[in-house]
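For reference, the structure discussed in these notes is given below.
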There are 2 protein chains.
Amino acid sequence: MLERTFSIGHVAAVTGCKVETIRFYEGIGLLPEPERTEGNQRRYLAKHVERLRFIMHARELGLAVEAIRQLIALGENPSAPCEQADEIARQQLESVRRKIARLTELAAELERIVASCDGKSIADCRVFEVLADHSTCDHGGAKVRP
Amino acid sequence: MLERTFSIGHVAAVTGCKVETIRFYEGIGLLPEPERTEGNQRRYLAKHVERLRFIMHARELGLAVEAIRQLIALGENPSAPCEQADEIARQQLESVRRKIARLTELAAELERIVASCDGKSIADCRVFEVLADHSTCDHGGAKVRP
DNA sequence: CTTGAACCTATAGTTACTAGAGGAATTAGG
DNA sequence: CCTAATTCCTCTAGTAACTATAGGTTCAAG
């Protein structure tokens, strides 16, 4: 019996992933290319939907596309030891913890800045003073994407 | 008396900002264009260095370039009330808090994933199970950049 | 005055998508 | 069966905030 197939729009609807993003994932090799109709339209199988869910969940957890690619490769041979998969998850956990630590510092400094504002004119606004003078704060110097 | 001037490399050295980034900030209008030598090389004044420090610190705090642009515009007329500057800082604080909350959820889920691994083969590795099935976790669905 | 370091512009690459143009295929209704 | 609306196709370019490269010019020390 032939398996049931889904259009890209249907896959998008059931997963919540945008159509363009599905094509994008195929383009970068995360999603295998599905069969096509005579008219060149994609027809997905249930396995594609599962794979897409896997990718989406991993992305929500903050895994980089490259990490997901590695996980998928690992998943291809199920008899391999799962140490590497575990390691990827561990690294991601570490990275998330570092981000939290950094953001917590930033929140503290922003709180100080906000608290120091007394609603008077810009001329004596602490926001500017503090921003202009890094030495009045105490955090380190790593950059963060906003 | 003529003010002392600095080459772009010197400014980079004293601020810790890369040369290319300084030129980039000028290109997007955050740093005013400095005078040039006859040979077309930039020569900065102390005020440029201050402005760059301001930008760098704001970026470290996670402010978007657009927000910094607004702050700079506010700073241009010092008699204006500082409410708007304060508002920008407040919004940033809120955004940082939201990120922390989200990352804390992710850390919790990654901890569960990592804890569930028992070092056996991929075939029964929980990392894959959990990643493949979003319903086994409990967080919301917003995306985060890695 | 020579040489090497620092500087210049302009372009393309990075990440993970998102949006648009312009056109073809599919599906629903009559 | 035919038409219209919807969905789909590819390709290109745009987003944020830089970073890197290529190919050429200027500066400053010796």
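Protein chains get the first letters and strands the later ones, always in sequence-line order, with residue 1 at the start of each. What's counted below: heavy atoms across the whole structure, side chains too, no hydrogens, waters or symmetry copies.
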For C/dA16, does OP1 or OP2 lie under 4.0 Å from any side-chain N or O of A/T21?
no

Measure the distance from CG on A/L30 to P on C/dT15 and round it to the nearest whole Å.
13 Å

B/E26 CD to C/dC7 C1', straight-line distance once rounded to whole Å
13 Å

Does the B/S95 side chain pair with the main chain of B/Q91, one donor and one acceptor, at a distance under 3.5 Å?
no

What is the distance, to the nearest angstrom, from the NZ atom on B/K18 to the C1' atom on C/dA6?
17 Å

Would you classify B/I28 as touching base, sugar-phosphate or nothing, given that sugar-phosphate means primed atoms plus P, OP1 and OP2, and contacts are heavy atoms under 4.0 Å?
nothing

Could you list the donor-acceptor pairs under 3.5 angstrom formed between side-chain atoms of residues 31-39 of chain B and any protein atom two or more places apart in sequence or on another chain?
unit_1	atom_1	unit_2	atom_2	d
B/R36	NH1	B/N40	O	2.9
B/T37	OG1	B/G39	N	3.2
B/T37	OG1	B/N40	N	3.4
B/T37	OG1	B/Q41	N	3.0

Using a cut-off of 4.0 Å on non-hydrogen atoms, how would the nucleic acid contact of A/R23 be classed: base, sugar-phosphate, or nothing?
base

With a cut-off of less than 4.0 Å, is there a side-chain N or O of A/S7 near OP1 or OP2 of D/dC8?
yes

Should B/R42 be listed as having a side-chain N or O under 4.0 Å from OP1 or OP2 of C/dC7?
no

Separation of A/E33 atom CD from D/dT10 atom C1', in whole Å?
14 Å

Mapping B/E66 and B/E20 onto DNA chain D by nearest heavy atom, which one lands closer to the 5' end?
B/E66

All side chain to side chain contact (heavy atoms under 4.5 Å, CB included) counterparts of B/F54, not counting sequence neighbours
A/F128, A/L131, A/A132, B/I68, B/L71, B/I72

Go nucleotide by nucleotide along DNA chain C from the 5' end; which of B/I8 and A/F24 gets its closest nucleotide reached first?
B/I8

Determine, for B/R97 against B/E94, whether the closest basic-nitrogen to carboxylate-oxygen distance falls under 4.0 angstrom.
yes

B/H10 NE2 to C/dC7 P, straight-line distance once rounded to whole Å
11 Å

With A/E66, which residues qualify under side chain to side chain contact (heavy atoms under 4.5 Å, CB included), at least two apart?
A/R69, A/Q70

What protein N or O atoms touch nucleotides 24-28 of chain C N or O atoms at under 3.5 angstrom, if any, and at what distances?
unit_1	atom_1	unit_2	atom_2	d
C/dT26	OP1	A/T37	OG1	3.0
C/dT26	OP1	A/G39	N	3.4

Side chain to side chain donor-acceptor pair (under 3.5 Å) filter on B/E20, not counting sequence neighbours, yields none

Atom CD1 of B/I22 to atom P of C/dC7: distance rounded to whole Å?
9 Å

Qualifying residues under ring-ring contact (aromatic ring centres under 6.0 Å, His included), relative to A/F6, sequence neighbours excluded
A/H10

Nearest-Å distance for atom pair CZ/P, residues A/R36 and D/dT7:
19 Å

When you measure from the side-chain N and O atoms of A/Y25 to the phosphate of C/dA16, is any distance below 4.0 Å, counting only OP1 and OP2?
no

Mind calculating the distance between CD (A/E60) and P (C/dC17) to the nearest angstrom?
10 Å

